[in-house]
Peer 1: 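Below: one structure in structure tokens.
Position 1 is the first residue of the sequence, and the numbers go up from there. Computation of the quantities below employed the complete heavy-atom set of this structure, encompassing side-chain atoms and omitting hydrogens, waters and symmetry-equivalent molecules.
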Amino acid sequence: MPGVTGADVARESGVSRTTVSYVLNARPDVAIPEATRKRVRDAAARLGYTPSVAGRALRMGRSDLVLCVLPNWPVGPVIDTLLDHLASELADRGLSMLVHHDRGRRPIAELWRAVTPRAVVGLTAFTDDEEQAMRRAGIQVLTSSLDEDPQHESFSVPQTGIGQLQVEHLVGRGHRVLGYAAPADARLAVFADRRLAGARLACEAHGLPAPQPHAVELDVASAAAAVRAWRAGAEPVTAVVAYNDEVALAVLAGLRAEGLGIPADVAVIGVDDIPAAALAAPALTTVWQATDAQARHLTRAVLAALDGSGESLHAPSDLFHVVQRAST
């Protein structure tokens, strides 16, 4: 039943609204017979009554809710793992997490005013106006960033550094002509552009030509077309920097379809170290990211902000590293 109120529960159970409030808020200091408590709880269950989050927060003097705002990114294995770790870390500390996937044009202010969170965690930075409005409302605001951002106290996993590390690994294996397998999903450009920029910087530092970018769909035909383009030049590509492991797995399939050996003809390196990377044929070299450490850091930052401790938090030193396997 939509819009069920405490008054509806009171009518259904035959008690006063005050009694309903005492029962549903589990007031231990009020003497109410157990039979009456059961009648109220049963009526609330029949009607589908859900207490107001805002009202509960006002009664308790605080909220136990942390709102996590996810930008308009596809939810792949890494984001899914990060959110899972973050929810678990917060739950261990008595906090609940609500994830908002920001895919529409609804102002974020409408959401935080409706759910009254105790803290808001953004996986990227908010606008200055958004952040100031939340802070004026007494909400703690924390953010994460894709690269180091001196304007915000945020945890960052520098995406340019990931691209540089991929190239450094391949150059160390003797490769000089590289391809870059970009994602076809435009929503990933915020990551892919930074990783490609890092790959270009590393190539420039070694006096090598910039990596040749091609968008690769997650299918064999698209990957095979990219492989043919990479191999068609006067100096064929001998190694591919892939945006992530899923794109890298597509490249492996494209190389096999073109009858090329891996890594004898073309080496491949991905990012994320998803479980399928180790099961590929050949097993995929990749860059591991510290998603669990990011979740722990964000949780500690939330708790420090809520406690007002001013604790100085240090990000983990091992943000990413190469996991070498047979594909390179």
Side-chain angles (χ1 to χ4, degrees), residues 78 157-185 188-189 191-274 276-289 319-328:
V78 171
V157 179
Q159 301 299 303
T160 52
I162 290 174
Q164 289 174 302
L165 184 60
Q166 289 176 291
V167 169
E168 292 294 342
H169 174 77
L170 294 174
V171 170
R173 307 290 292 174
H175 297 283
R176 295 294 180 268
V177 183
L178 310 180
Y180 187 84
D185 191 333
L188 294 171
F191 295 94
D193 290 351
R194 287 172 168 83
R195 293 180 189 179
L196 177 55
R200 286 172 172 155
L201 287 172
C203 285
E204 182 180 354
H206 287 281
L208 303 178
Q212 303 170 29
H214 282 278
V216 175
E217 300 274 2
L218 300 183
D219 61 61
V220 176
S222 175
V227 169
R228 289 193 296 271
W230 285 321
R231 298 290 288 178
E235 291 187 272
V237 163
T238 65
V240 175
V241 176
Y243 162 72
N244 69 1
D245 289 345
E246 291 176 318
V247 173
L249 293 173
V251 172
L252 293 183
L255 290 168
R256 287 193 295 268
E258 292 298 302
L260 296 170
I262 311 161
D265 296 314
V266 180
V268 182
I269 183 170
V271 180
D272 291 339
D273 196 22
I274 64 175
L279 304 176
L284 180 65
T285 296
T286 186
V287 175
W288 170 89
Q289 291 193 69
L319 292 177
F320 44 78
H321 60 254
V322 171
V323 178
Q324 184 172 334
R325 298 192 179 102
S327 70
T328 59

Peer 1: Of all the heavy-atom pairs spanning Leu165 and His321, show the shortest one and how long it is.
Peer 2: CD2-CA, 3.9 Å

Peer 1: Check residues 221-228 and write down every donor-acceptor pair under 3.5 Å in which the side-chain atom is one partner and the other belongs to a residue at least two apart or another chain.
Peer 2:
{"unit_1": "Ser222", "atom_1": "OG", "unit_2": "Glu217", "atom_2": "N", "d": "2.8"}
{"unit_1": "Arg228", "atom_1": "NH1", "unit_2": "Glu258", "atom_2": "OE2", "d": "2.9"}

Peer 1: For Asp245 versus Asp272, what's the shortest heavy-atom pair and its separation?
Peer 2: OD2-C, 3.5 Å

Peer 1: For a 4.5 angstrom cut-off between non-hydrogen side-chain atoms, does Asp265 reach Leu255?
Peer 2: no

Peer 1: For residues Trp230 and Val216, report the shortest heavy-atom separation together with the two atoms involved.
Peer 2: CH2-CG2, 4.3 Å

Peer 1: Could you list the residues that satisfy salt bridge (Lys or Arg N to Asp or Glu O under 4.0 Å) with Asp273, not counting sequence neighbours?
Peer 2: Arg325

Peer 1: CD/Gln159 to OH/Tyr243 distance, rounded to the nearest 0.5 angstrom?
Peer 2: 7.0 Å

Peer 1: Step by step, work out the side-chain contact (heavy atoms from CB on, under 4.5 Å) result for Arg195 and Asn244.
Peer 2: CA-CA 10 Å; Arg195 293 180 189 179; Asn244 69 1; 4.3 Å; yes

Peer 1: Donor-acceptor pair, Ser327 side chain versus Thr285 backbone, under 3.5 Å?
Peer 2: yes

Peer 1: Nearest 0.5 Å, please: how far is CD in Gln166 from CD in Gln164?
Peer 2: 10.5 Å

Peer 1: So which atom in Ile162 and which in Val271 form the shortest heavy-atom distance, rounded to 0.1 Å?
Peer 2: CG2-CG2, 3.7 Å

Peer 1: Locate the shortest heavy-atom distance separating Ala248 from Gly270; write the atom from each residue and the value.
Peer 2: CB-CA, 4.0 Å

Peer 1: Check the pair Val167 / Arg200 against side-chain contact (heavy atoms from CB on, under 4.5 Å), numbers first and verdict last.
Peer 2: CA-CA 9 Å; Val167 169; Arg200 286 172 172 155; over 6 Å; no

Peer 1: Quick one: closest heavy-atom pair of Val268 and Val251, and the distance?
Peer 2: CG2-CG1, 3.9 Å

Peer 1: Heavy-atom count check: over 12 atoms from other residues, nucleotides or ligands less than 6.0 Å from Gln324 CD?
Peer 2: yes

Peer 1: Counting C-beta onward and ignoring hydrogens, is there a side-chain heavy-atom pair between Pro213 and Leu196 closer than 4.5 Å?
Peer 2: yes

Peer 1: Does any part of the side chain of His169, heavy atoms only, come nearer than 4.5 Å to the side chain of Val287, both counted from C-beta?
Peer 2: no

Peer 1: First locate atom CD1 of Ile274, then atom CG of Leu284, and finally report the distance between them rounded to the nearest 0.5 Å.
Peer 2: 8.0 Å

Peer 1: Show me the donor-acceptor pairs within less than 3.5 Å that the side chains of residues 172-184 make with the rest of the protein, sequence neighbours left out.
Peer 2:
{"unit_1": "Arg173", "atom_1": "NE", "unit_2": "Thr328", "atom_2": "O", "d": "2.9"}
{"unit_1": "Arg173", "atom_1": "NH2", "unit_2": "Thr328", "atom_2": "O", "d": "3.2"}
{"unit_1": "His175", "atom_1": "ND1", "unit_2": "Thr238", "atom_2": "O", "d": "3.3"}
{"unit_1": "His175", "atom_1": "ND1", "unit_2": "Thr238", "atom_2": "OG1", "d": "2.9"}
{"unit_1": "Arg176", "atom_1": "NH1", "unit_2": "Val171", "atom_2": "O", "d": "3.4"}

